[in-house]
Amino acid sequence: MTPASVGVVIPTRGDRPTHLRAAVEAVLTQDYAGTVTVAVVVDGGDHRAVADSLHPIPVGAVPRPSADGGDRRVVADRAPGVRVLSNRLTPGLPGARNTGIAACDTDLVAFCDDDDVWLPGKLAAQTRLLADGDAEFASCGIEVEYGGRRVPRLAGTRRVTAADLVRSRMVMVHSSTFLFRRGTVWVDESAPSGQNEDWDLALRAAKRHPIANADEPFVRVRWGASHYVARWADRIAGLEWMLARHPELAVDPRGAARIYGQLAFGHAALGHRRDAGRWAARTFAARLGEPRAPIALAVAAGLIPASTVLALLHQRGHGI
């Protein structure tokens with residue numbers, strides 16, 4: 001059977017050329033027998049400058065079959081199958097992702113953020129899962145890189161359900177791990193400032209059919225380079241958007257307490273002490289043992305800066 005073709009969508013603003021090159025190279029060096037193409041979608045930047053930054057891109061580590069059936073290593077002036085285009089839809093990450101999906105004519109579509117790196121075996125493991133079962137969408141484990149440390153985050157399961165994603169955000173079900181059958185899902189462009197568009201997409205996909213998960217760290221996620229980590233007003237809006245879109249998130253006590261605790265922390269980080277206290281109270285009411293509430297209250301009281309809390313968590317491969 002012919003291996004499925006894969007189109008990889010990499011959104012970028014064009015302001016991280018070194019990371020972007022690494023992301024593209026990691027995709028091109030996957031040991032996968034099927035056709036792999038890359039759509040680099042530039043959101044708000046100059047797509048010609050981004051294209052220039054990728055030329056010539058070294059692809060000397062790309063395996064090519066040799067005459068004796070083994071592998072040889074070749075170097076090309078220009079990486080085949082890489083297109084650079086501008087975001088033609090809603091400005092922001094969701095529109096950029098959908099622009100990339102629309103540009104793909106492949107069997108499968110995958111996402112990779114421009115500051116993340118696929119590790120060897122990622123594509124082969126996930127395509128095998130989709131070929132062997134009836135799943136439409138696949139994820140995998142990640143390796144969080146922050147401050148020189150790398151911490152693996154695994155789901156502990158080969159099957160991620162909607163109930164799993166309601167109870168926990170499951171950070172390892174990360175956008176850079178997504179691989180899905182083209183045409184089954186699109187990104188919701190109404191996500192405020194692009195916040196939680198990946199969680200929403202995974203949750204909608206899991207409602208259609210449980211997500212097949214290759215539970216090994218096949219993607220290196222660089223948290224220190226994120227554009228979104230401390231945009232607290234946007235994060236608050238994104239959480240409120242998720243609660244409105246998916247009412248079941250407020251039903252599961254553990255899941256609801258986690259979201260309420262994140263809202264409390266976001267308001268505390270902005271100096272909104274009253275709102276932080278209000279959401280902390282809702283957190284305690286949903287689940288007394290949720291740790292985000294007392295942490296948010298400590299930040300609101302000025303006992304510890306929000307940035308210090310995040311740094312301590314990120315060093316352990318966790319977020320708020």
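Because only heavy atoms are used, hydrogens play no part in the values below, and waters and symmetry mates are left out as well, while side chains stay in.
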Give a yes or no answer on whether the side chain of [X] reaches the backbone of [Y] with a donor-acceptor pair at less than 3.5 Å.
X: Arg167; Y: Ala162; answer: no
X: Asp116; Y: Ser176; answer: no
X: Arg13; Y: Val42; answer: no
X: Thr283; Y: Trp279; answer: yes
X: Glu248; Y: Val166; answer: no
X: Arg153; Y: Ile142; answer: no
X: Asp252; Y: Arg254; answer: yes
X: Thr29; Y: Glu25; answer: yes
X: Gln30; Y: Leu123; answer: yes
X: Thr99; Y: Arg88; answer: yes

Report task. Assess Arg282 against Tyr260: is NZ or CZ under 6.0 Å from the centre of the six-membered ring, and within 45 degrees of the ring's axis? Result ->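 Yes, a cation-pi geometry holds between Arg282 and Tyr260.
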
Report task. Compute both the distance and the angle, then confirm whether Arg208 meets the cation-pi test with Phe137: under 6.0 Å from the six-membered ring centre, within 45 degrees of the axis. Result ->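 Not flagged: Arg208 not positioned over aromatic ring of Phe137.
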
[Y] reachable from [X] in the ILVMFWY side-chain graph, under 4.5 Å edges:
X: Leu313; Y: Leu297; answer: no
X: Phe180; Y: Trp186; answer: yes
X: Leu20; Y: Val221; answer: yes

Search all heavy atoms of [X] against all heavy atoms of [Y] and return the closest pair with its distance.
X: Phe178; Y: Ala202; value: CZ-CB, 3.9 Å
X: Ala206; Y: Val160; value: CB-O, 4.2 Å
X: Ala23; Y: Cys112; value: CB-SG, 4.4 Å
X: Arg231; Y: Ser193; value: NH2-CB, 3.6 Å
X: Val299; Y: Ala269; value: CG1-N, 4.1 Å
X: Asn98; Y: Glu189; value: ND2-OE2, 2.8 Å

Heavy-atom count around [X] [atom1] within 6.0 Å, excluding the residue itself: above 12?
X: Asp132; atom1: CG; value: yes
X: Arg158; atom1: CZ; value: yes
X: Arg287; atom1: CZ; value: yes

Query raised in the report: For residues Asn213 and Thr157, is any side-chain donor paired with an opposing acceptor at under 3.5 Å?
Result: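 Asn213 vs Thr157: no donor-acceptor pair found between side chains.
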
Query raised in the report: Does any donor atom in the side chain of Asp198 or His174 lie under 3.5 Å from an acceptor atom in the other side chain?
Result: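 No donor-acceptor contact under 3.5 Å links the two side chains.
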
Atom [atom1] in [X], atom [atom2] in [Y]: separation rounded to 0.5 Å?
X: Glu240; Y: Asn196; atom1: CD; atom2: CG; value: 11.0 Å
X: Cys140; Y: Gln126; atom1: SG; atom2: CD; value: 4.5 Å
X: Arg245; Y: Trp199; atom1: CZ; atom2: CH2; value: 12.0 Å
X: Met242; Y: Leu203; atom1: CE; atom2: CG; value: 5.5 Å
X: His47; Y: Asp52; atom1: NE2; atom2: CG; value: 9.5 Å
X: Leu54; Y: Ile10; atom1: CG; atom2: CD1; value: 8.5 Å

Would you say [X] and [Y] make side-chain contact, with heavy atoms under 4.5 Å?
X: Val151; Y: Tyr146; result: no
X: Val6; Y: Thr37; result: no
X: Thr161; Y: Arg159; result: yes
X: Leu119; Y: Lys122; result: no
X: Leu179; Y: Val109; result: no
X: Leu263; Y: Leu243; result: yes
X: Val144; Y: His314; result: no
X: Met172; Y: Thr177; result: no

Query raised in the report: Does the ring centre of Phe265 sit less than 6.0 Å away from the ring centre of Trp232?
Result: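 Yes, the ring centres sit under 6.0 Å apart.
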
Requested in this report: Identify which one of Asp107, Thr35, Thr106 satisfies the side chain to side chain donor-acceptor pair (under 3.5 Å) criterion when paired with Ser5.
Outcome: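 Among Asp107, Thr35, Thr106, the one that satisfies the side chain to side chain donor-acceptor pair (under 3.5 Å) with Ser5 is Asp107.
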
Taking 4.0 angstrom as the limit, do [X] and [Y] come out as a salt bridge?
X: Arg258; Y: Glu290; result: no
X: Asp188; Y: Arg97; result: no
X: Arg204; Y: Asp200; result: yes
X: Glu136; Y: Arg181; result: no
X: Arg16; Y: Asp114; result: yes

Requested in this report: Test side chain to side chain contact (heavy atoms under 4.5 Å, CB included) on Val117 and Val219 and set out the steps.
Outcome: CA-CA 6 Å; Val117 175; Val219 176; over 6 Å; no

Query raised in the report: Run the side chain to side chain contact (heavy atoms under 4.5 Å, CB included) check on Val309 and Ile295 step by step: do they pass?
Result: CA-CA 8 Å; Val309 173; Ile295 293 173; 3.9 Å; yes

Report task. Evaluate the side chain to side chain contact (heavy atoms under 4.5 Å, CB included) criterion for residues Val40 and Val24: first the C-alpha distance (whole Å), next the side-chain angles of each, then the deciding distance (0.1 Å), finally the verdict. Result -> CA-CA 9 Å; Val40 175; Val24 172; 4.1 Å; yes

Query raised in the report: Are Asp43 and Thr12 close enough, and set up right, to give a side chain to side chain contact (heavy atoms under 4.5 Å, CB included), and what steps lead you there?
Result: CA-CA 6 Å; Asp43 180 52; Thr12 186; over 6 Å; no

